[in-house]
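Notes follow once the structure below has been shown.
Lettering follows sequence order; numbering is per chain, from 1. Computed over heavy atoms, backbone and side chain alike; hydrogens, waters and symmetry mates excluded.
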There are 2 protein chains.
Amino acid sequence: MSTGRSRAPRNTLSAELIVDRALALLDARPMESFSMRVLAEDLGVGTMALYTYFRGKEELFRAARERVLADYVPPSGEGPWHEQLREACLAAYHVFTGRPAVLRLLAEASSGDDFADIAMVTMERQLALLRAAGLSRDEAVLANGALLRYTLGSALREVKACTSEDFHATAIRKRLAALSPESHPTLTDLGPEMVRFAQDGEAQFRFGLDLVITGLREKVAAAG
Amino acid sequence: MSTGRSRAPRNTLSAELIVDRALALLDARPMESFSMRVLAEDLGVGTMALYTYFRGKEELFRAARERVLADYVPPSGEGPWHEQLREACLAAYHVFTGRPAVLRLLAEASSGDDFADIAMVTMERQLALLRAAGLSRDEAVLANGALLRYTLGSALREVKACTSEDFHATAIRKRLAALSPESHPTLTDLGPEMVRFAQDGEAQFRFGLDLVITGLREKVAAAG
DNA sequence: ACCTGAACACCGTTCAAGT
DNA sequence: ACCTGAACACCGTTCAAGT
């Protein structure tokens, strides 16, 4: 781009390199500022060069998702089933949440069979733990679904907060200030706590996760 | 469009009518097929006519979200707090899930202060119930966050499934068939149940909701 | 005030080349 | 095989008009 070299040398590009730069851009800037043209310019290459390695934007995103999850293995520790389940969910949350690019790619994933590989390996582990704990076939599947929904929902909420550090907190503060204490007495009363926890998504996640797991332990205790 | 009238009469348009048609289009067709130009053509009007009523696409979407949630009031029934909480969450789930357009608009909402009005009225109600049940200030806020995350996460999962009736189920069947029983024994074993519940999002939602609420009742019992 | 077409600055992607 | 620019069919939105 700065050099203005008219033609890039023969093997400047590779699928790996393209995904690398795509992830870097998605880490740094919001989804809507990403485009094939921008990515190509960033790589110092014509736009159409990308199409030698990927059929299109969607396939590139798919590859990016796979790359970012490739090194993930759910922890298979010791201890009681509910502890292991907790660790597995926390690990999944950290994968989704650890990198802005993942969150943005996650929000984009529409087909549902994206993030499938990690989903499969995590689901296998969760289902095995749930079955071993004594849940029925139906219960195990439903519990797995609940954990997935909660974990994904929690991660997705972070997409909004990740624009800036405390932008989210001040937005909430503002919104609370606009409420009248008459119509929303409890909410305005709990304002300080709302603002505080808005800045700690993981604490929020852990609390709800413990709730779900407590519910599961109850179910196991009732059945056993 | 079919008439080819060169200029639309003076007051064919209104903010209400525009939002109406926008919602109709979003109910019928996926998000990516929606555009200001398509909407204008559907209304039999020049594209720029829309900009007399809305500053832009984002503001139109905001109005559509508000419209669709305007008639919603969380149920304020009788009975124990955990029953009322359950009903409130189910009602929110039904609002999000009852209409394809809502789901698509929900998935699009990035700023986070969208869906805020319904969020505020629902949050006030939930927080009041949680406090009355005996939870601490911190616990009430965290519990409210957990319920929100789970409900939104569950609704968002339906966006994918709502493309077609059983498209989702066959996609899962296919994916399961591709797995080797050696690497994913539990998952392949539970295949039939996975497929069955994939077609019943609400059953999934109810199961997890009960888990969370059971967890909350435990917490209340422990504190009381 | 309300609606218009033309134009601007973007997209993703196809196509027919160049090397 | 790998990379290219030009072109096509789209976007959202600005602008300077028309009525």
A/Arg137 side chain vs B/Asp189 backbone, donor-acceptor pair below 3.5 Å
yes
Nearest whole Å is fine: how far is D/dC2 C1' from A/Phe54 CZ?
15 Å
Verify, without hydrogens or angle tests, whether A/Arg65 (side chain) and A/Leu105 (backbone) share a donor-acceptor contact under 3.5 angstrom.
yes
Set of residues satisfying side chain to side chain contact (heavy atoms under 4.5 Å, CB included) with respect to A/Ala88, sequence neighbours excluded
none
Taking atom P of D/dC3 as reference, at what distance in whole Å does atom CG of A/Leu39 sit?
13 Å
Donor-acceptor contact below 3.5 Å, side chain B/Arg104 vs main chain B/Leu26
yes
Taking NZ, NE, NH1 and NH2 as the nitrogens, is one of them in B/Arg206 or B/Glu202 under 4.0 Å from a carboxylate oxygen of the other?
yes
From D/dT19, C/dC11, C/dC3, nucleotide with atom closest to B/Arg10 side chain:
D/dT19
When you check the gap from the basic side-chain N to the acidic O, do A/Arg37 and A/Glu41 get nearer than 4.0 Å?
no
Rounded to the Å, how far apart are B/Leu50 CG and C/dA1 P?
19 Å
Strictly distance-based, threshold 3.5 Å: is any side-chain N or O of B/Glu124 a donor or acceptor partner for the main-chain N or O of A/Leu187?
yes
Just to be sure I understand the geometry, which residues of residues 17-34 of chain A put a non-hydrogen atom under 4.0 Å away from DNA chain C?
none
Please list each protein N or O that sits under 3.5 Å from an N or O in nucleotides 13-17 of chain D, with the distance.
from	atom 1	to	atom 2	distance (Å)
D/dT13	OP2	B/Tyr51	OH	2.8
D/dT13	OP2	B/Lys57	N	2.9

Suppose we screen for side chain to side chain contact (heavy atoms under 4.5 Å, CB included). Which residues come up paired with A/Val73, at least two apart in sequence or across chains?
none
May I have the distance from B/Tyr53 (atom OH) to C/dT4 (atom C1'), rounded to whole angstrom?
14 Å
A/Arg125 (side chain) donor-acceptor with A/Pro75 (main chain) under 3.5 angstrom:
yes
Find the distance B/Asn11:CG to C/dT4:C1' and express it as a whole number of Å.
15 Å
Considering every strand and a 4.0 Å limit on heavy-atom distances, what is the contact class for B/Ser35: base, sugar-phosphate, or nothing?
sugar-phosphate
Report the residues that fulfil ring-ring contact (aromatic ring centres under 6.0 Å, His included) with B/Tyr93, sequence neighbours left out, ordered by chain and then residue number.
B/Phe205
Atom-to-atom span, CG of A/Leu43 to P of D/dC2 - whole angstrom:
16 Å
I'd like to know if the side chain of A/Thr97 and the backbone of A/His94 have a donor-acceptor N/O pair within less than 3.5 Å.
no
Watson-Crick or G-U stems involving DNA chain C, each at least 3 pairs long, distances under 3.5 Å, ordered by first number
C:4-8 with D:12-16, C:12-16 with D:4-8
